[in-house]
Amino acid sequence: MNRDHTCGELRKSDAGKHVKLAGWVAKRRNLGSIVFIDLRDRYGITQITFDESHSDLVKDVRNEYVIEVEGTVSVKENPNPKLATGEIEVVAESCKVLSSAKTTPMIIADETDALEDLRLKYRYLDIRRNPIKDKLILRDKVTTIVRRVLHEDDFIEVETPILSKSTPEGARDYLVPSRLYKGRFYALPQSPQQYKQLLMIGGIDRYFQIARCFRDEDLRADRQPEFTQIDIEMSFADEEDIFAEVEKVMKAVFKETKGIEDLSFPRIKYVDAMDKYGSDKPDVRFGNEMCDVTSLFENSSFSVFANTIKDGGIIKALVFHNACDKLSRKKFDELTEFVKIYKAKAIAYLKYDKNEFSGSVNNALPENEKEALKDFLKLENGDVVMMIADKKAIAQVALGAVRKKVAEELGLIDKNKYAFAWITEFPMYEYSEEEGRYVSAHHPFTAPRDEDVDKLIDDKANCYSRAYDLVLNGYELLSGSVRIHNSEMQAKVFDALGLTKEQIKNKFGFFIEAFDYGAPPHCGVGIGIERLIMILSGTDNIKDVVAFPKTATAYDLMADAPSTVDQDQLDFLSLQIRKD
RNA sequence: GGUGCGUUAGCGAAGUUGGUUAUCGUGCCUCCCUGUCACGGAGGAGAUCACGGGUUCGAGUCCCGUACGCACCGCCA
């Protein structure tokens with residue numbers, strides 16, 4: 001046995017005990033004939049003291065050496081309040097080097113100077129640091145809570161295949177060439193969607209899985225190519241049942257990890273979320289909802305507004321209180337550039353202070369329209385109004401992005417707040433410019449709203465579904481839907497998506513067939529674990545909560561993956577790499 | 001696919017209108033030190049300035065390209 005205690009557990013009450021500790025040398029302080037070593041393991045740090053007669057033992061010991069130490073627990077005269085073990089030290093009698101270490105390329109401490117790419121290359125060193133290690137521990141704690149709560153409610157965990165079948169709708173698949181079937185490919189699952197629905201048909205009425213998912217799409221600060229979902233599906237259930245179950249899980253997680261009990265789960269329809277927040281994942285930790293002020297400017301002499309409306313566009317407005325002094329001309333130049341990212345042409349603003357207007361459109365707008373705006377928005381001194389006149393979709397999204405950015409910069413967001421919202425009744429379809437047709441907004445197994453069944457084929461733009469998201473602090477935490485559970489309806493949706501009978505048979509044949517053998521009504525969700533842990537641990541970087549993450553270009557800097565493979569391997573798979 | 005920013009000792013950064021020995025902090029090595037806990041003190045080593053090309057008498061600095069990293073838009077059923 002290399003140790004009988006961890007480096008995080010000894011306290012004053014252990015004084016006098018003879019102990020054996022093992023760990024990494026986090027810091028060596030040599031004061032001449034006395035040497036202090038901070039010994040670190042997963043559980044914490046304990047100071048080891050080598051007095052005059054023992055200091056030679058660690059003469060050649062350096063940072064990050066792995067050592068085993070025996071000694072006696074002793075109470076310190078000057079305790080170190082920064083350490084949980086700070087009231088004691090271990091006075092060493094022996095020291096055995098279990099492993100030596102080269103000088104590390106980065107400082108291993110809570111505050112490291114290393115940039116992210118270096119930390120990814122030496123991820124095993126980065127994981128020794130508390131900020132990363134603690135998040136891995138939190139992640140384990142959360143999945144443990146989730147499993148317990150779901151098990152209490154009779155859900156069972158079932159594993160579904162990683163080697164799966166490519167699906168045409170949605171994200172690009174990661175493909176795995178088959179050796180036994182020349183020219184054929186497995187696909188890694190984007191989610192266990194079809195398998196879990198088949199489990200429902202198989203009578204496993206309450207299923208969950210901590211499921212790894214893969215999507216070959218470009219990355220973001222909150223998106224990795226492989227990620228983990230808490231995947232849940234339940235039969236004989238609808239929105240109310242699944243919302244209740246998810247809320248129960250979230251309440252348990254927040255109570256047991258953060259001590260937070262007063263969570264609420266308001267519901268917002270998708271169209272309202274877009275209207276008020278310009279996003280289907282609104283950050284509702286703060287207000288500043290957007291308003292539609294189009295009607296005030298229909299006959300405006302300000303041609304920019306009037307022409308936008310004439311061309312079918314709208315004018316969205318957003319108010320920030322007491323912000324006149326905080327938002328400079330320069331800031332609005334910056335915001336003008338910012339909204340161009342979202343294809344908006346410009347952002348107009350009016351400041352109302354000391355009962356007078358000023359700002360970019362102050363001269364362009366006639367007095368009566370400014371007064372009307374003031375009444376409509378109930379403006380008070382100090383208010384700043386921002387407006388975007390554009391096509392509806394652009395004005396909403398661009399001003400919604402401004403809402404979030406300015407709120408952050410003005411400090412309107414309470415970082416200690418956790419604001420959930422269910423976003424409901426998503427569109428059934430969205431138009432894909434790229435493909436020139438309507439595609440599923442969620443996925444093709446999503447049920448339409450009862451009242452929209454007759455719009456499935458003929459009025460796709462106005463057809464809404466029983467899909468929902470749970471949003472937390474502006475992140476999409478989960479997605480789900482009530483599923484279609486009869487083959488006629490399913491066939492109708494495939495038809496609406498423009499899939500031919502042959503495509504349906506090839507891609508979904510087994511799935512469709514299953515629905516002919518008695519499918520229960522069912523619904524479910526997939527909760528993004530990484531985003532949940534990000535929010536719980538207060539980081540905006542998904543890489544912080546993944547043990548071995550990939551870069552923004554989906555590269556593993558540590559393992560150097562993806563990599564080329566031997567010709568033999570290609571030959572086995574009957575694959576040839578094109579040289580162009 | 002697109003936009004922006006970045007790349008200088010092991011690590012993190014500075015480097016002015018282009019100018020001759022590239023600076024600072026930290027880490028590393030050696031020596032001194034019995035109460036430190038970011039120990040302290042003295043000394044030392046350590047750089048093809050990402051790569052390729054160009055402009056120039058002269059490039060870390062200016063220009064073009066490439067690679068890599070980060071963020072964002074598109075994309076992510």
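Excluded from the calculations below are hydrogen atoms, water molecules and symmetry mates; all remaining heavy atoms, backbone and side chain alike, are included. Naming: A, B, ... by sequence-line order, numbering from 1 per chain.
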Visitor: How is A/Ala441 classified with respect to the nucleic acid when contacts are heavy atoms under 4.0 Å: base, sugar-phosphate, or nothing?
Guide: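 Sugar-phosphate contact only - A/Ala441 comes under 4.0 Å of backbone atoms but never of a base.
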Visitor: If only side-chain N and O atoms of A/Thr103 are considered, is one of them under 4.0 Å from the OP1 or OP2 phosphate oxygen of B/G10?
Guide: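 So the side chain of A/Thr103 is outside the cut-off, no N or O lying under 4.0 Å from OP1 or OP2 of B/G10.
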Visitor: In whole Å, what separates the P atom of B/G12 from that of B/A50?
Guide: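 Looking at atom P only, B/G12 and B/A50 are 14 Å apart.
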Visitor: Is the phosphate of B/C70 approached by A/Arg220 (side-chain N or O, under 4.0 Å from OP1 or OP2)?
Guide: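 It does not, given that no N or O in the side chain of A/Arg220 lies less than 4.0 Å from OP1 or OP2 of B/C70.
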Visitor: Any idea which of B/G35, B/A38, B/C37 is nearest the A/Asp38 side chain?
Guide: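 Nearest listed nucleotide: B/C37.
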Visitor: With respect to the phosphate group of B/G69, does any side-chain polar atom (N or O) of A/Thr553 fall under 4.0 Å of OP1 or OP2?
Guide: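 Affirmative; the distance criterion is met.
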Visitor: Looking only at side-chain N and O atoms, does A/Thr551 come under 4.0 Å of OP1 or OP2 in B/G69?
Guide: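 For B/G69, OP1 or OP2 has a side-chain N or O of A/Thr551 closer than 4.0 Å.
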Visitor: Heavy-atom nearest nucleotide on RNA chain B for A/Arg28 versus A/Glu52: which residue maps closer to 5'?
Guide: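 Upstream on the strand: A/Glu52.
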Visitor: For B/C70 and A/Lys543 - does any side-chain N or O of the residue sit under 4.0 Å from the phosphate oxygens OP1/OP2?
Guide: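 Looking at the OP1 and OP2 atoms of B/C70, one of them is under 4.0 Å from a side-chain N or O of A/Lys543.
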Visitor: Please output the side-chain donor-acceptor pairs of residues 546-558 of chain A that fall under 3.5 Å, not counting sequence neighbours, one pair per line with the distance.
Guide:
| residue | atom | partner | partner atom | Å |
| --- | --- | --- | --- | --- |
| A/Lys550 | NZ | A/Glu226 | OE2 | 2.9 |
| A/Thr551 | OG1 | A/Thr553 | N | 3.3 |
| A/Thr551 | OG1 | A/Thr553 | OG1 | 3.1 |
| A/Thr551 | OG1 | A/Tyr555 | N | 3.2 |
| A/Tyr555 | OH | A/Asp560 | OD1 | 2.8 |
| A/Asp556 | OD1 | A/Met558 | N | 2.9 |
| A/Asp556 | OD1 | A/Ala559 | N | 2.9 |

Visitor: For atom C1', what is the distance between B/U8 and B/A47, given to the nearest Å?
Guide: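 Each nucleotide's C1' atom is 8 Å from the other's.
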Visitor: A/Ser479: what forms a side-chain hydrogen bond (donor to acceptor under 3.5 Å, both in side chains) with it, not counting sequence neighbours?
Guide: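 A/Ser479 satisfies side-chain hydrogen bond (donor to acceptor under 3.5 Å, both in side chains) with A/Asp469, A/Glu476 once adjacent residues are dropped.
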Visitor: Quick check on contacts: within residues 483-501 of chain A, what sits under 4.0 Å from RNA chain B by heavy-atom distance?
Guide: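 Under 4.0 Å from RNA chain B: no residue of residues 483-501 of chain A.
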Visitor: Whether A/Lys82 contacts B/A38 is assessed here as follows: a side-chain N or O lying under 4.0 Å from the phosphate OP1 or OP2. Is that the case?
Guide: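 Yes, within the criterion.
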Visitor: With a 4.5 Å cut-off on side-chain heavy atoms, are A/Lys501 and A/Lys505 touching?
Guide: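 With C-beta onward as the side chain, the pair stays apart.
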Visitor: For B/C39, does either OP1 or OP2 sit under 4.0 Å from a side-chain N or O belonging to A/Arg29?
Guide: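 Result: yes.
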Visitor: Using atom CZ of A/Phe338 as one end and atom C1' of B/A71 as the other, report the distance to the nearest whole Å.
Guide: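 Atom CZ in A/Phe338 sits about 12 Å away from atom C1' in B/A71.
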Visitor: Ignoring backbone atoms, establish whether A/Lys27 has a side-chain N or O less than 4.0 Å from OP1 or OP2 of B/C39.
Guide: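 True: A/Lys27 side-chain N/O within range (under 4.0 Å) of B/C39 OP1/OP2.
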Visitor: Hey, does the side chain of A/Asn63 come within less than 4.0 Å of B/C28's phosphate (OP1/OP2), counting only N and O?
Guide: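 Yes, A/Asn63 has a side-chain N/O under 4.0 Å of OP1/OP2 on B/C28.
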